[in-house]
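Keep in mind it's a predicted model, so treat the numbers as computed, not measured.
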Amino acid sequence: AHGTGSFAQGNEVRAYGLGSLAFGRDVYAGSTADTNGEGSVAFGLSSAAGVRPVITGNSSFGIFMQDQSGVNIAANN
């Protein structure tokens with residue numbers, strides 16, 4: 001977990017957004033800029049073959065099943 005108040009648990013998961021949560025495998029909540037993915041939650045249920053799926057929208061929730069390489073949930077809420 002990199003963002004203030006964020007939490008990450010799993011394999012190759014990152015919680016960059018402020019207050020974001022990331023769980024499972026191969027998933028990012030937020031990006032390296034703390035202004036992305038604030039208050040978001042990401043679950044990765046399997047491995048990504050390419051670029052890991054990410055949530056850059058604020059206050060968003062995503063469950064990534066199977067290979068979701070390159071998917072970005074950019075919408076807020």
Side-chain angles (χ1 to χ4, degrees):
H2 297 276
T4 302
S6 63
F7 180 79
Q9 179 68 43
N11 183 43
E12 297 297 327
V13 298
R14 304 285 186 273
Y16 288 112
L18 301 173
S20 64
L21 306 171
F23 302 96
R25 297 177 68 180
D26 288 346
V27 69
Y28 291 169
S31 66
T32 55
D34 280 345
T35 58
N36 293 328
E38 291 182 9
S40 292
V41 179
F43 284 91
L45 302 182
S46 101
S47 297
V51 176
R52 290 177 182 85
V54 62
I55 297 177
T56 58
N58 296 330
S59 302
S60 296
F61 181 87
I63 300 174
F64 301 97
M65 299 178 279
Q66 298 300 329
D67 182 10
Q68 297 291 314
S69 297
V71 173
N72 178 7
I73 297 177
N76 294 332
N77 300 316

So if you build clusters from Ile, Leu, Val, Met, Phe, Trp, Tyr with side-chain heavy-atom gaps below 4.5 Å, do F43 and I73 land together?
no
Are any side-chain N or O atoms of S59 and backbone N or O atoms of N77, one a donor and one an acceptor, separated by less than 3.5 Å?
no
Hey, are the side chains of Y28 and N36 touching, using non-hydrogen atoms and a 4.5 Å cut-off?
no
Of all heavy-atom pairs between V54 and F64, which one has the smallest distance, and what is that distance?
O-CZ, 4.1 Å
If we ignore hydrogens and angles and just use 3.5 Å, is the side chain of D67 paired with the main-chain N or O of A48 as donor and acceptor?
no
For A15 and S6, work out which heavy atoms get closest and say how close.
O-OG, 3.2 Å
For residues A42 and A29, report the shortest heavy-atom separation together with the two atoms involved.
CB-CB, 4.1 Å
How long is the straight-line distance from CD1 of I63 back to CD of Q68, given to the nearest 0.5 Å?
11.5 Å
Sub-3.5 Å donor-acceptor pair from the side chain of S40 to the main-chain atoms of G57, do we have one?
yes
Can you say whether the rings of F7 and F23 are parallel (under 30°), tilted (30 to 60°) or perpendicular (over 60°)?
tilted
From R14 atom CZ to S20 atom OG, the distance as rounded to the nearest 0.5 Å
12.5 Å
Between R25 and V13, which heavy-atom pair has the shortest distance, and what is it?
N-CG1, 3.9 Å
M65 and F61: same hydrophobic cluster, using ILVMFWY side-chain contacts below 4.5 Å?
yes
Distance-only, no hydrogens or angles: does the D26 side chain make a donor-acceptor pair with backbone N or O of R52 under 3.5 Å?
no
How long is the straight-line distance from CG of L18 back to OG1 of T4, given to the nearest 0.5 Å?
5.5 Å
Reported OH-to-OG1 distance for the pair Y16 and T56, which is rounded to 0.5 angstrom
13.5 Å
Would V71 and L45 show up in the same hydrophobic cluster when neighbours are defined by side-chain heavy atoms closer than 4.5 Å?
no
